[in-house]
Amino acid sequence: MCEVSFLELTSRTSETDERLEGGASALQSELQPTCPLISTATKCKCGPGYPTPLEAMKGPREQIIYLPCIYRNTGTEAPDYLATVDVDPKSPQYCQVIHRLPMPYLKDELHHSGWNTCSSCFGDSTKSRTKLMLPCLISSRIYVVDVGSQPRAPKLHKVIEPQEVHAKCNLGNLHTSHCLASGEVMISSLGDPKGNAKGGFVLLDGETFKVKGTWERPGGAAPMGYDFWYQPRLNVMISSEWAAPNVFKDGFNPAHVKDGLYGSNLHIWDWQRHELIQTLPMKDGLIPLEVRFLHDPDATEGFVGCALSSSIQRFYQNEEATWSVEKVIQVPPKKVKGWMLPEMPGLITDILLSLDDRFLYFSNWVHGDVRQYDISDPQRPRLTGQVFLGGSIVKGGPVQVLEDHELNCQPEPLVVKGKRVAGGPQMIQLSLDGKRLYVTTSLYSAWDKQFYPDLIREGSVMLQVDVDTEKGGLKLNPNFLVDFGKEPLGPALAHEMRYPGGDCTSDIWI
């Protein structure tokens with residue numbers, strides 16, 4: 001067996017609990033006049049979600065998961081669709097796709113999703129989490145899906161055509177969707193209508209879903225865009241960068257990195273004034289993607305995963321209210337033979353934080369591993385769990401590892417319930433209680449086709465990893481597999497996962 005070299009595991013500290021407990025108490029006090037809390041959020045006649053991150057951890061176990069499935073670039077001429085998967089171990093349909101909602105158009109490239117409302121509106125009893133937002137990365141459409149009427153059989157509620165987004169916002173290639181405390185929905189963009197880089201934000205009415213215009217002031221977009229997270233108590237929003245759609249849409253060209261066409265900055269915004277106030281260069285970081293503030297609404301720090309440089313960087317507020325960044329985790333590249341470059345990065349493509357702000361998780365899509373770090377001391381994360389779930393360096397594949405600073409040998413190919421898993425771990429989602437980590441294997445159809453041709457032929461999968469929340473640790477559940485290679489219309493590429501009641505990457509507390 002391969003031995004993984006990482007730091008000796010130590011016991012949990014209480015710093016995170018103390019920090020988060022303080023934030024939770026403050027938020028409960030703010031909500032007390034309008035909505036007295038009972039023992040759990042599920043008994044409170046308030047708005048959607050939970051009053052605090054810690055209360056969310058007491059929420060019910062997930063029973064179904066929604067995730068977009070993509071056919072663009074697969075050779076199958078069929079629309080992308082929203083899959084509903086049964087993840088209730090007591091159900092006779094466990095690990096099965098129980099419903100498929102096809103979109104009305106071809107080649108949209110469904111990607112990420114969000115909600116019409118979430119825990120940011122917990123104090124508003126008129127709000128209800130009933131619509132799933134599906135912005136399209138390539139077509140720039142926005143689908144609004146009704147998941148409230150029949151949660152196990154969603155239906156299409158509204159289609160916002162790209163022409164409306166282009167005309168009212170001069171934006172396109174849409175990515176992250178977050179609900180705001182105002183009841184509005186905000187969606188980040190990567191480009192303008194012609195596919196040039198432009199990091200702006202589309203603002204939708206949360207009831208009618210009409211496009212209201214841009215969130216940022218006219219002419220105030222960032223040079224590039226991708227993900228974002230807001231922290232109202234600090235009057236701040238932070239956004240990240242991928243590249244211009246014209247650069248990444250047909251595949252990855254290493255020459256574009258040398259030409260400086262990929263992102264390397266975070267953008268700091270004044271939340272109340274809707275203005276860009278600081279651009280923060282990464283510390284040797286290329287393609288900063290997913291932005292994750294700590295869930296504590298009083299927290300003045302968070303993390304971003306830099307994909308190409310394979311590092312996790314901590315951003316934090318200084319005493320003078322400016323922001324800084326420091327690299328806290330570096331995944332070393334591997335010297336290889338038989339790959340597109342002589343050095344292979346891990347390619348960190350997704351990160352998330354547990355709701356108690358104790359653990360950070362991320363996926364190395366190319367190397368093939370998922371990692372868990374204890375971030376009780378955010379400046380010094382400790383590796384506490386690691387599991388290989390496929391990837392480009394498995395034994396018997398085309399890649400030979402010549403030099404590796406972490407592994408003693410190349411990992412074995414992953415086989416789950418007789419299925420050899422193609423691709424590598426990509427999107428991740430954590431259960432509310434932090435005990436189960438779900439993983440899918442598709443990044444973006446054009447890059448899937450380039451990096452993992454077998455993923456196009458075999459389809460992606462959903463896996464489940466059991467999490468040790470006491471001492472730390474990750475272990476694959478060998479009895480869980482959702483095989484999207486067996487879909488009725490052919491192998492599909494499954495992407496980001498959402499629970500009907502919200503999760504640690506969709507809900508923001510204010």
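Positions are given from 1, in the same order as the sequence printed here. Everything numeric here is computed off the predicted structure, so don't read it as measured data.
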Inset, instruction - Could you walk me through whether S392 and Y452 pass side chain to side chain donor-acceptor pair (under 3.5 Å), step by step? - result: CA-CA 8 Å; S392 295; Y452 292 113; 3.0 Å; yes

Which residues share a salt bridge (charged side-chain N to carboxylate O under 4.0 Å, His left out) with [X], sequence neighbours left out:
| X | result |
| --- | --- |
| D448 | none |
| R72 | E109 |
| K158 | none |

May I ask you to decide if the ring planes of [X] and [Y] are parallel, tilted or perpendicular, using 30° and 60° as cut-offs?
| X | Y | value |
| --- | --- | --- |
| Y444 | W447 | perpendicular |
| W242 | F248 | parallel |
| F252 | Y262 | tilted |

Inset, instruction - Determine, stepwise, if the pair Y499 / E62 fulfils side chain to side chain donor-acceptor pair (under 3.5 Å). - result: CA-CA 7 Å; Y499 310 134; E62 66 284 355; 4.8 Å; no

Does a side-chain heavy-atom distance below 4.5 Å link [X] with [Y]?
| X | Y | result |
| --- | --- | --- |
| F315 | V291 | yes |
| Y373 | L383 | yes |
| T300 | F293 | no |
| L347 | H367 | no |
| H267 | I238 | no |
| V467 | Q372 | yes |
| V304 | R292 | no |
| F303 | I351 | yes |

Inset, instruction - Applying side chain to side chain donor-acceptor pair (under 3.5 Å), run through N318 and S324 and close with a yes or a no. - result: CA-CA 7 Å; N318 302 305; S324 297; 2.8 Å; yes

Legend entry - Contacts of type side chain to side chain donor-acceptor pair (under 3.5 Å), residue S310, not counting sequence neighbours: none

Inset, instruction - Please determine, by modelled atom types, if S239 and W269 share a side-chain donor-acceptor pair under 3.5 angstrom. - result: yes

Legend entry - Pairs meeting criterion ring-ring contact (aromatic ring centres under 6.0 Å, His included) with involvement of residues 169-198, two or more places apart: H111-H175, H112-H175, H175-Y226, H178-F228, H178-W229

Does atom [atom1] ([X]) have a neighbourhood of more than 12 heavy atoms from anything else shown, all under 6.0 Å?
| X | atom1 | value |
| --- | --- | --- |
| K435 | NZ | no |
| K327 | NZ | yes |
| E319 | CD | no |

Inset, instruction - Would you verify whether the NZ or CZ of R436 falls within 45 degrees of the ring axis of Y438 while also being under 6.0 Å from that six-membered ring's centre? - result: no

Legend entry - Residue pairs fulfilling disulfide bond (SG atoms under 2.5 Å apart) with at least one residue in residues 254-316, sequence neighbours excluded: none

